[in-house]
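Computed from a predicted structure; not experimentally measured. When a ligand or atom number is given, it counts from 1 through the structure's own listing order.
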Amino acid sequence: MYDNILVPTDGSKTARHAVDQAIDIASKYDATVHVLYVVDVDATSYSLGTEQVDRIRQGHLEDMPEVKEAADEATSYVADAAAEHGLTVKEHIRVGEPARAIRKFVEDSEIDLIVMGSHGRSGLSRVVLGSVAEKVLRRTRLPVLIVDVHGESDVDEAEAE
Ligand code: ATP
Ligand code: MN
């Protein structure tokens, strides 16, 4: 049923809540786990000049160690957890608007299930779904498992990164 499962992550604690479910399903189906981090150059968390933004857009992450490190940290958290369970994992980094990049990735690959968090870095519990989660749901025909971070009693807004 599922051979390739996509776990998009922005590296936040909230996104990590989806990981256990993704790993459990992947183990049951012996699926490959694909971890995708999208470098969102428009996000305010990066203080980058226009020249740097252009370099990143062209895919030159090697010039920007902080950006590369954030990406690697985000994907390796998921990759390490999946590897611990004996799963095959592939880490992917893309640049762009996250929902668009996720959809593009899915179109170009053999993904058959997406497992993601209801919220991410901004983690606003007022909204039912974060904008990336909502756009992915709307724009893909694949099954999407949205793990609601507020379903976990030990997570609250203050904890969200
Ligand atoms: P918003 O971004 O709308 O302010 P939010 O950050 O709380 O709200 P989303 O960004 O929609 O919520 O995050 C929901 C899920 O989308 C995350 O748990 C993660 O799985 C995925 N996601 C969000 N941003 C990225 C990204 N840059 N790269 C990969 N996956 C992402
Ligand atoms: Mn977000």
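Looking only at heavy atoms of the protein, atom 15 (C) of ligand 1 is closest to Gly117 O, 3.1 Å. For atom 4 (O) of ligand 1, the nearest non-hydrogen atom of the protein is Ser122 OG, 2.5 Å. Nearest protein heavy-atom neighbour of atom 27 (N) of ligand 1: Val38 O, 2.9 Å. For atom 25 (C) of ligand 1, the closest non-hydrogen atom on the protein side is Asp10 CB, 3.4 Å. Looking at atom 19 (C) of ligand 1, its nearest protein heavy atom turns out to be Pro8 O, 3.4 Å. Closest protein heavy atom to atom 3 (O) of ligand 1: Ser131 OG, 2.6 Å. At the shortest separation from atom 12 (O) of ligand 1 among protein heavy atoms lies Gly120 N, 3.0 Å. For atom 22 (N) of ligand 1, the closest non-hydrogen atom of the protein is Val132 CG1, 3.8 Å.
The heavy-atom pair separating Asp42 from Arg57 by the smallest distance is OD1-NH2, 3.3 Å. Val144 and Thr140 get closest at one heavy-atom pair: CG2-CG2, 3.8 Å. Nearest heavy-atom pair across Met116 and Pro8 is CB-CD, 3.9 Å.
The N/O atoms of His119, backbone and side chain alike, include one that comes under 3.5 Å of an N/O atom in ligand 1. Between Ala133 and ligand 1, at least one pair of N/O atoms sits closer than 3.5 Å. Residue Tyr37 places no N or O, backbone or side chain, under 3.5 Å from any N or O of ligand 1. The distance criterion of under 3.5 Å between nitrogen or oxygen atoms is not met by Thr14 with respect to ligand 1.
Contacts of Pro98 with ligand 1, taken as heavy-atom pairs under 4.0 Å, involve the side chain alone. If you look at Asp40 next to ligand 1, there are no close heavy atoms at all, none under 4.0 Å. Contacts between Thr9 and ligand 1, counted as non-hydrogen atom pairs separated by less than 4.0 Å, involve the backbone only.
Within a 6.0 Å radius of CD in Glu62, more than 12 heavy atoms belonging to other residues, nucleotides or ligands are found. Crowding of Arg100 atom CZ: a count of heavy atoms from other residues, nucleotides or ligands under 6.0 Å not exceeding 12.
Residue contact annotation: Leu36 has a non-hydrogen atom under 4.0 Å from ligand 1.
Arg94 forms no cation-pi arrangement with Phe105, by the criterion of a distance under 6.0 Å to the ring centre and an angle within 45° of the ring axis.
Exactly one residue among Val19, Thr88, Leu6, Leu87 makes a side-chain contact (heavy atoms from CB on, under 4.5 Å) with Val33. That residue is Leu87.
No donor-acceptor distance shorter than 3.5 angstrom exists from the side chain of Arg139 to the backbone of Arg103, with no hydrogens or angles considered. Not a single donor-acceptor pair under 3.5 Å links the side chain of His92 to the backbone N or O of Thr75. Side-chain N or O atoms of Asp10 include none that pairs as donor or acceptor with a backbone N or O of Gly120 at under 3.5 Å. Judged purely by atom type and a 3.5 angstrom limit, Asp112 uses its side chain to pair as donor or acceptor with the backbone of Asp3.
Near Met116, with a cut-off below 4.0 Å to any heavy atom, the atoms of ligand 1 are 15 (C), 16 (O), 20 (O), 21 (C).
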